[in-house]
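Since the structure comes first, as structure tokens, the remarks are kept for the end.
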There are 2 protein chains.
Amino acid sequence: MEGSGSKWIEHPLSMDSDSQPQKFFAGEFRHAIDQKNRITVPSDWRRGDGQGQEFIILPEPRFQFLLVMAAEEFARLSAQAESDQTVSARDRRTFSRQLHSRAKHAASDRQGRLVLPEDHCKELGLKGEVALVGGNGRFEIWNLQKWKRAQDEETPTYQHVANVIGL
Amino acid sequence: MEGSGSKWIEHPLSMDSDSQPQKFFAGEFRHAIDQKNRITVPSDWRRGDGQGQEFIILPEPRFQFLLVMAAEEFARLSAQAESDQTVSARDRRTFSRQLHSRAKHAASDRQGRLVLPEDHCKELGLKGEVALVGGNGRFEIWNLQKWKRAQDEETPTYQHVANVIGL
DNA sequence: AGGAAGTGGTTACAAATGGAGGGAAGTGGA
DNA sequence: TCCACTTCCCTCCATTTGTAACCACTTCCT
């Protein structure tokens with residue numbers, strides 16, 4: 001039913017100003033998308049009872065997968081981008097507009113499920129069994145075949161990094 | 001019936017002087033404009049019961065889409081522009097005149113609909129199904145084809161900035 | 001064996017849309 | 001100047017369709 005057990009993992013570098021430590025989605029799961037485009041958030045990634053948790057859904061720029069992050073995280077990131085003084089005001093405006101127009105809000109139901117936008121599911125080939133890949137405070141929803149391929153292609157990079165940090 | 005669910009998204013940086021946090025229209029919707037040029041405001045973007053909500057409608061300068069914003073937001077913006085001391089008094093007057101002459105007022109009916117100005121609809125090709133694009137306290141009404149094209153063209157910009165902030 | 005997690009389906013309600021009726025405003029003629 | 005007529009716009013009602021809440025079942029883990 002699930003790929004591998006993994007809970008929120010605390011990240012020592014990202015302790016925010018407030019008391020709550022920043023947590024990170026981690027691990028990989030295989031879940032199903034039903035005919036109503038619903039998908040259950042892995043129980044290990046839920047807060048509390050898991051219902052009513054707010055998420056922002058974004059298509060990946062190159063349209064390979066669906067990016068999901070906690071709503072607060074999204075607000076934080078977009079605020080950061082909009083106050084970035086290294087780009088022109090015009091670019092900031094364009095980006096902000098793009099970002100907000102592409103972002104879709106979703107809250108989990110009582111069973112801890114999200115409803116994904118129909119058009120995104122179509123474009124990304126998200127039907128039936130999909131891969132949920134966690135990391136860095138977000139998770140990604142992949143078409144299973146695409147994920148396996150991407151996985152294979154990235155193995156050399158992974159090997160390299162693993163060597164560097166002594167895995 | 002609609003593109004996808006998206007609520008107002010709170011913006012952490014834009015907490016105004018008053019207690020209410022500034023909220024942002026977000027997401028993209030597909031709605032229909034009927035024969036009387038009426039369009040329903042997405043329920044997620046309504047305040048309260050959604051009727052009697054006041055909006056200002058402006059054609060985009062290059063006449064690509066219709067800009068809609070809450071009336072208070074418009075008042076705030078125009079007041080700000082009119083007190084801008086970096087331009088001449090004459091320019092301020094011109095600007096103000098331009099702005100107010102182009103702006104049309106509209107209030108939502110009991111079903112949460114707005115009546116759009118006939119001439120604007122014609123000029124912008126707004127008939128039948130259109131795209132409602134939210135962001136930054138306003139939303140835009142696009143001819144569907146034009147919106148898809150604009151979306152494609154802006155993807156490189158989006159992708160670039162997304163990379164910068166780690167999306 | 002019990003509970004929790006994941007999945008499937010049904011039902012009720014609200015959102016979106018279409019169209020009809022009534023009142024105000026504008027126009028023309030006497 | 002006043003009245004009749006037309007036109008337009010606003011309000012209200014009705015229908016459809018999509019969504020979200022709810023319930024039920026299966027499987028796996030403890």
Side-chain angles (χ1 to χ4, degrees), chain A residues 1-8 25 27-55 57 68 104-122 126-132 134 139 141 144, chain B residues 1-8 25 27-55 57 68 104-122 126-132 134 139 141 144:
Chain A
M1 187 173 292
E2 80 172 46
S4 60
S6 311
K7 300 222 172 257
W8 294 78
F25 302 108
E28 178 192 331
F29 295 86
R30 302 283 157 87
H31 278 190
I33 294 181
D34 65 21
Q35 284 135 344
K36 294 158 97 181
N37 296 325
R38 295 181 297 191
I39 190 169
T40 63
V41 176
S43 62
D44 289 342
W45 294 350
R46 300 177 193 163
R47 277 188 212 274
D49 59 359
Q51 67 178 282
Q53 208 172 339
E54 315 238 343
F55 292 92
I57 300 173
V68 184
K104 318 258 176 179
H105 177 274
S108 53
D109 67 11
R110 208 203 278 188
Q111 282 83 332
R113 288 178 290 192
L114 296 178
V115 181
L116 304 178
E118 168 74 22
D119 46 350
H120 286 159
C121 287
K122 253 192 204 137
L126 300 179
K127 277 284 166 204
E129 197 184 15
V130 297
L132 293 156
F139 62 90
I141 304 178
L144 205 52
Chain B
M1 180 180 295
E2 81 168 47
S4 65
S6 309
K7 300 215 173 265
W8 296 76
F25 301 109
E28 178 192 332
F29 294 85
R30 304 281 159 88
H31 277 191
I33 294 181
D34 65 20
Q35 285 131 345
K36 296 156 103 176
N37 295 326
R38 294 181 298 189
I39 190 169
T40 64
V41 177
S43 62
D44 288 342
W45 295 350
R46 300 177 193 162
R47 276 189 212 275
D49 59 359
Q51 67 178 286
Q53 208 173 340
E54 315 239 343
F55 292 93
I57 300 173
V68 184
K104 310 244 179 179
H105 178 272
S108 53
D109 67 11
R110 207 204 279 191
Q111 281 82 332
R113 288 178 291 193
L114 296 178
V115 181
L116 303 178
E118 170 71 22
D119 48 349
H120 287 160
C121 287
K122 254 195 203 132
L126 300 179
K127 276 284 166 204
E129 197 184 14
V130 296
L132 293 158
F139 62 91
I141 304 178
L144 203 51

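Throughout, protein chains are lettered first and strands after them, A, B, ... in sequence-line order, and every chain is numbered starting at 1.
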Near-strand residues of residues 109-116 of chain A, defined as heavy-atom separation under 4.0 angstrom from DNA chain C: Gln111(A), Arg113(A)
Rounded interatomic separation in angstrom, taking CG from Leu132(A) and P from dA5(C): 16 Å
Ion pair Glu129(B)/Lys127(B), N-O distance below 4.0 Å: no
d(NE2, His31(B); C1', dG18(D)) in whole Å: 11 Å
Any Thr40(B) side-chain nitrogen or oxygen under 4.0 Å from OP1 or OP2 of dA15(C): no
Atom-to-atom span, CD of Gln51(B) to P of dT11(D) - whole angstrom: 9 Å
Distance, rounded to the nearest Å, where His105(B) contributes NE2 and dC10(D) contributes P: 11 Å
Set of residues satisfying side chain to side chain donor-acceptor pair (under 3.5 Å) with respect to Asp119(B), sequence neighbours excluded: none
base_contact_polar (dT7(C) base, Lys36(A) side chain, donor-acceptor, <3.5 Å): no
Base of dG9(C) paired with side chain of Arg38(A) (donor-acceptor, under 3.5 Å): yes
Rounded interatomic separation in angstrom, taking NZ from Lys104(A) and P from dT19(D): 11 Å
Parallel, tilted or perpendicular: ring planes of Phe55(B) versus Phe139(B), cut at 30 and 60 degrees: perpendicular
Heavy-atom donor-acceptor pair, Ser108(A) side chain to Gly52(A) backbone, under 3.5 Å: yes
Nearest listed nucleotide, side chain of Asp34(A), among dG8(C), dA15(C), dG18(C): dG8(C)
Separation of dA20(D) P from Gln53(A) CD (nearest whole Å): 17 Å
Closest to side chain of Arg46(B), choosing from dA5(C), dA15(C), dT7(C): dA15(C)
Residue pair Leu132(A) / Glu28(A), side-chain heavy-atom distance below 4.5 Å: no
Under 4.0 angstrom between Gln35(A) side-chain N/O and dG9(C) OP1 or OP2: yes
Interatomic distance where CD belongs to Glu129(B) and P belongs to dG18(D) [whole Å]: 12 Å
Option from Ile33(B), Asn37(B), Asp34(B) for which side-chain contact (heavy atoms from CB on, under 4.5 Å) with Arg113(B) holds: Asp34(B)
Side-chain donor/acceptor of Arg46(B) to backbone N/O of Val41(B), under 3.5 Å: yes
Atom-to-atom span, CG of Asp44(A) to P of dA4(C) - whole angstrom: 15 Å
